[in-house]
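First up is the structure itself, then whatever we jot down about it.
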Amino acid sequence: MKRVGVWDSGVGGLSVLRALLDELPEVQFVYVADGAFAPYGGHSADTIIARALGITQALIDASELDAMVVACNTATAGAIDALRARHDRLPVVGVEPALRPAAQSTRTGHVGVLATRGTLTSPRYAGLLARMEAAYPHVRFTSQACEGLADAIEQDDLPQIQRLCEVGWRSLGQQSPGSAPIDQLVLGCTHYPFARPQLEGLCGPGVHLIDPAEAVARQTRNVLGLPAPGPVVSPRTAPVEWLDTGHAFNLARAARRWITPDAQVRVLPI
Ligand code: DGL
């Protein structure tokens, strides 16, 4: 059976894991929350690279690994190149803000992007934005960092989630007075799908929220070389292994709520 690591700073990667579990019932997943260093938003790229290399090595030392999914936009922006360079035979799948699908779907010509500051200030995002602006010259992209939102979702702090979603959505509007309304909102942080109800309440029905999780799951199937799923959904063959480098409380709560009520989290001491 294939064994795949899925890593995020905390619980955000569960939004990707959900799609992976649906897409790949025949795969054994190991989920790692880097709770000791969450959130990643405030860390340097060097720190995130060190965490990427340390966590991946710990999974490889425990058992063979067939692929690694970096289920975090901030970590993909900061560390995926270093991870691929160190493990050149390990397929590494990353996640980045889904600007292309948003540009292809927009009718108003205005796309909003919410992400962490670490993602939005990275050279990788600058390159992606430049490529998309060149490919879709009629589309305007407005990006906004949502300081603290990933952490509020991590803590399950509902009033704070609501407040920070309001700040993020309002700031997008303030950056673009007089332009056409945003009709595509890219969720550029894997934590943000867990604020979907709050964001949908603020944006209204005319705005489509874009979560790249299903595309990441399909890409993971491709890199594993597994055939496309047939019409009959297979039962899941192996339970997820849950690991947290910090205290396991946030991950256990979120995994039991969003994935499976019997999730048991072990501490990964690195
Ligand atoms: N879930 C992460 C992302 O997709 C980041 C949250 C954080 O640790 O700051 O960017």
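Order of appearance sets the numbers: ligands from 1, and atoms from 1 within every ligand. These numbers come from a predicted model, not from an experiment.
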Flag the pair R124 and E96 as a salt bridge only when some basic side-chain nitrogen lies within less than 4.0 angstrom of an acidic carboxylate oxygen.
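So R124 pairs with E96 through a salt bridge.
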Less than 4.0 angstrom from a charged side-chain N to a carboxylate O is my criterion; do R3 and E64 meet it?
no
Could you go through ligand 1 and note, for every N or O atom, any protein N or O atom closer than 3.5 angstrom, writing the atom names and distance to 0.1 Å, or 'none'?
| from | atom 1 | to | atom 2 | distance (Å) |
| --- | --- | --- | --- | --- |
| ligand 1 | 1 (N) | D8 | OD1 | 3.0 |
| ligand 1 | 1 (N) | T190 | OG1 | 2.9 |
| ligand 1 | 1 (N) | H191 | ND1 | 2.8 |
| ligand 1 | 4 (O) | N73 | N | 2.8 |
| ligand 1 | 4 (O) | N73 | ND2 | 3.0 |
| ligand 1 | 4 (O) | T190 | N | 2.8 |
| ligand 1 | 4 (O) | T190 | OG1 | 3.3 |
| ligand 1 | 8 (O) | S9 | OG | 2.6 |
| ligand 1 | 8 (O) | Y40 | N | 2.6 |
| ligand 1 | 9 (O) | Y40 | N | 3.3 |
| ligand 1 | 9 (O) | G41 | N | 2.9 |
| ligand 1 | 10 (O) | N73 | N | 3.4 |
| ligand 1 | 10 (O) | T74 | N | 3.1 |
| ligand 1 | 10 (O) | T74 | OG1 | 2.6 |

Flag for Y136-R100: side-chain donor and acceptor within less than 3.5 Å:
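Short answer, yes.
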Is the number of heavy atoms from other residues, nucleotides or ligands under 6.0 Å of R196 CZ greater than 12?
yes
Between the side chain of T108 and the main-chain N/O of A180, is any donor-acceptor distance below 3.5 Å?
no
Is the side chain of D8 donor-acceptor paired with the backbone N or O of G12 at a distance under 3.5 Å, no angle test?
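At least one qualifying donor-acceptor pair exists.
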